[in-house]
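Below is one structure, written out as structure tokens, with a few remarks after it.
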Amino acid sequence: MNKKNHVLKSVFGHASFRAFQEEAVDAILSGRDVMMILPTGAGKSLCYQLPSLLMDGTTVVISPLLALMHDQITALSAFGIDAAMISSMQTPDEIRAIVQGAKESSLKFLYVAPERLKSGEFIHFLSTISINFFVVDEAHCVSEWGHEFREDYRQLHRLRDLFPTVPIAAFTATATHFVEQDILTQLRLVNPILIRAKVRRDNLHISANHRNGNGREQLLEFLSKYENECGIIYTFTRKEAQSIAEFLSAKKIPAQAYHAGLPTQQKNETYRAFLNDEIRVVVATVAFGMGIDKSNIRFVVHTTLPKTIENYYQEIGRAGRDGLEASTLLLFSASDYSDRKRMIDTQSDSPYKKLALDKLETTSRFASSEICRHVLIAEYFDDRSQPCTTQCDNCTQEDKNSIDITQDALKLLSSVYRTGQKFGLHYVVDVLLGSINEKIEHNGHQLLSVYAIGKDKSRHYWLTLGDRLLELKALKQGDFKVLMLDEYGLEIIKQSLSVTIRTERLAQQKRYTKTAIVTYSSEDYHPIFEQLRGLRSSIAKSNGVPPYVVFSDKTLQEMAQKLPRNKSEMLQVGGIGDVKFERYGKEFLALCESIKELAL
């Protein structure tokens, strides 16, 4: 066994490399600049952590978030690897100790935020230590055409000027070819080895549904399949994050809100509790989760339309990092597009504004599309994929029939026109249903010819129809979500153009029923898995680390199936190397033995 494979097994607990990992490791070991685009959960971190262990010197990792750095350092420490970060969180004494460790070459990984590189004092410090290579993590932040551009990342080209002989390895999960070239140019990589993996995540099931009302029943239906599992729910506003967290808590689902408006201490506590499996669900704005290293997230939900495919792909990528099955759900309505567009329209005209509008349009088409979700995402990132057949709603949905709704579309469009194009969808539907209320009587709209012409249909039907007409650009929303006829809407009225809708969208949302999904391969191992998970929680708590740092769910699943009897058999379980066995293995062996005895 060569050195890299020995380290792969003894330290990281893996018998073989995953796709593209060995290519990246070899490139770094040969001293080349590297640009790697690899989906979240495909093992990017190992690509730079393993070669550093085979090289002299310290690896300097530039990372955008303190929480991400902390997660990485915690995971490395669990492998017995010396890693630290220099940030505003450290005391002067702690920083001095880290600096000394780097100078003595005992520190293997030094994590810093990009802002730190603006300090002349810090640059001088770096010049006094032996750096084997730089890592630029979340490298899409370098590109001003990317979805999370950060100005401090744009200055990282200085690394090439200041340290011309030190190789640079850049990593990201999301980059179109256009963004990729911008990263290469900005970082000034020299004759780099470019490694671009396939975009598709085979363990991720992707669904997108039109939101019924506020979507709460749909959310409960989805969450009922993941009892005792962890997940993230992304919302558009802080108010919605708070409201949904309170709603779920009232339904006995442990959940906490996370957004920029909360006190730092509260956000930190929520983050800690989530990492340690003390709460199941975090309901958050996009302020939460970039690069989060928690491997056992089983689901990600978006309650509104994301602003870009990059954001969406990055966020759903937080599910299933351990390689086990995970699911995503996007709930959206046509009004989401209008809300997002209104925010973009406040910007002054520029190429960036046009790009933002184009990306929003693409995201909207993705949500409403009827072809394979994995194919659409792959195409966006200049990749190709065959239809998944089993891993998205469009490939598995049985009811794909559409019905003609032209006559009812004409009724709704006429109602918008007759009421003066001054009201929102709910008011127009009230008129169609023949509702009796003060506002309608004040406006005299009970006298209109369109009043009560839709009373034979339900409110849900007309609201869904309105959503469909917004998607088709037959209607548009102005300020305060006022409905107005768009050009296509006028054409429908003048020419009686055909309008169709998928029948499943018109069905009333059913009350949710619990149908739990399990992530292990056989229900026979479920009780054993839960016992192993209980031991993992206990060990994690006593060691002050998140449970997934001890062993991943995937490792516990394999252990539940094999029930190893000794060290040799334990080391055959994926994710268990010498270091982790010495730290945790004996307790798990004892439990496996106990389980076997009880089964006799």
| Can you list the steps and then say if Glu221 with Ser224 is a side chain to side chain donor-acceptor pair (under 3.5 Å)? | CA-CA 5 Å; Glu221 174 72 29; Ser224 70; 4.7 Å; no
Heavy atoms, side chains only, cut-off 4.5 Å: are [X] and [Y] in contact?
X: Leu329; Y: Ser207; result: yes
X: Pro254; Y: Val281; result: no
X: Gln572; Y: Pro564; result: no
X: Val11; Y: Leu50; result: no
X: Leu330; Y: Ile316; result: no
X: Leu126; Y: Ile129; result: yes
X: Ile233; Y: Leu248; result: yes
X: Leu535; Y: Val550; result: no

| Contact summary for His177 and Asp382, nearest pair of heavy atoms | N-OD2, 2.7 Å
| field | Whether Phe109 and Tyr48 hold their rings parallel, tilted or perpendicular, with breakpoints at 30° and 60° | value |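 The rings of Phe109 and Tyr48 stand perpendicular, inter-plane angle above 60°.
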| task | Report the relative orientation of the aromatic rings in Phe299 and Tyr226; use parallel for angles under 30°, tilted for 30 to 60°, perpendicular for over 60°. | result | tilted
Does [Y] offer a backbone N or O that forms a donor-acceptor pair with the side chain of [X] under 3.5 Å?
X: Lys580; Y: Phe12; answer: no
X: Asp82; Y: Lys108; answer: no
X: Ser106; Y: Gly101; answer: yes
X: Arg32; Y: Ala24; answer: no
X: Arg536; Y: Phe551; answer: yes
X: Thr58; Y: Leu107; answer: yes
X: Gln21; Y: Phe17; answer: no
X: Asp322; Y: Leu324; answer: yes
X: Ser594; Y: Ala590; answer: no
X: Arg196; Y: Asp383; answer: no

| Counting heavy atoms not belonging to Lys267, are there more than 12 under 6.0 Å from its NZ? |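 Yes, NZ of Lys267 has more than 12 neighbouring heavy atoms, counting only those of other groups under 6.0 Å.
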Whether the [X] and [Y] side chains hold a donor-acceptor pair (N or O, under 3.5 Å, no angle test) is what I'd like checked.
X: Thr555; Y: Ser552; value: yes
X: Glu138; Y: Gln314; value: yes
X: Thr172; Y: His140; value: yes
X: Gln72; Y: Gln49; value: yes

Roughly how far, to the nearest 0.5 Å, is [atom2] of [Y] from [atom1] of [X]?
X: His302; Y: Leu331; atom1: NE2; atom2: CG; result: 10.5 Å
X: Ile595; Y: Phe588; atom1: CD1; atom2: CZ; result: 10.0 Å
X: Asp93; Y: Arg96; atom1: CG; atom2: CZ; result: 4.5 Å
X: His374; Y: Gln386; atom1: NE2; atom2: CD; result: 13.5 Å
X: Glu23; Y: Leu194; atom1: CD; atom2: CG; result: 9.0 Å
X: Tyr548; Y: Ile297; atom1: OH; atom2: CD1; result: 8.5 Å

| said: As a quick check of understanding, evaluate side chain to side chain contact (heavy atoms under 4.5 Å, CB included) for Phe125 and Lys103, giving each step before the final call. | reply: CA-CA 9 Å; Phe125 154 65; Lys103 287 182 176 180; 4.2 Å; yes
| Run the side chain to side chain contact (heavy atoms under 4.5 Å, CB included) check on Leu156 and Leu187 step by step: do they pass? | CA-CA 6 Å; Leu156 293 182; Leu187 291 179; 3.8 Å; yes
| request: Mind running side chain to side chain contact (heavy atoms under 4.5 Å, CB included) on Asn132 and Ser52 for me, showing each step along the way? | output: CA-CA 7 Å; Asn132 49 32; Ser52 183; 3.5 Å; yes
In plain terms, say whether [X] and [Y] are close enough for a salt bridge, that is, a side-chain N and a carboxylate O under 4.0 Å apart.
X: Lys4; Y: Asp26; answer: yes
X: Arg298; Y: Glu227; answer: no
X: Asp553; Y: Arg321; answer: no

| request: Could you check Ile62, Leu76, Leu68, Val60 and say which one makes a side chain to side chain contact (heavy atoms under 4.5 Å, CB included) with Tyr111? | output: Leu76
| request: Report the C-alpha separation of Arg272 and Glu278 in whole Å, then their side-chain angles, then the decisive distance to 0.1 Å, and conclude whether the salt bridge (Lys or Arg N to Asp or Glu O under 4.0 Å) test is met. | output: CA-CA 8 Å; Arg272 184 205 63 77; Glu278 294 171 15; 2.8 Å; yes
| request: Show your working on side chain to side chain contact (heavy atoms under 4.5 Å, CB included) between Asp202 and Gln391 and close with a plain yes or no. | output: CA-CA 7 Å; Asp202 288 331; Gln391 289 298 93; 5.9 Å; no
| query | Between Glu229 and Arg533, is a salt bridge (Lys or Arg N to Asp or Glu O under 4.0 Å) present by the stated rule, with each step listed? | reply | CA-CA 12 Å; Glu229 301 288 2; Arg533 190 151 69 165; 3.6 Å; yes
| Chi angles and distances behind the salt bridge (Lys or Arg N to Asp or Glu O under 4.0 Å) call for Glu593, Lys596 | CA-CA 5 Å; Glu593 183 64 29; Lys596 279 191 170 183; over 6 Å; no
| query | Between Lys541 and Asp277, does a salt bridge (Lys or Arg N to Asp or Glu O under 4.0 Å) hold up when you go through it step by step? | reply | CA-CA 10 Å; Lys541 191 171 184 179; Asp277 293 345; over 6 Å; no
| CA sep, side-chain torsions, deciding dist, call: Tyr313, Tyr380, ring pair (Phe, Tyr, Trp, His ring centres under 6.0 Å) | CA-CA 10 Å; Tyr313 182 66; Tyr380 181 85; 9.4 Å; no
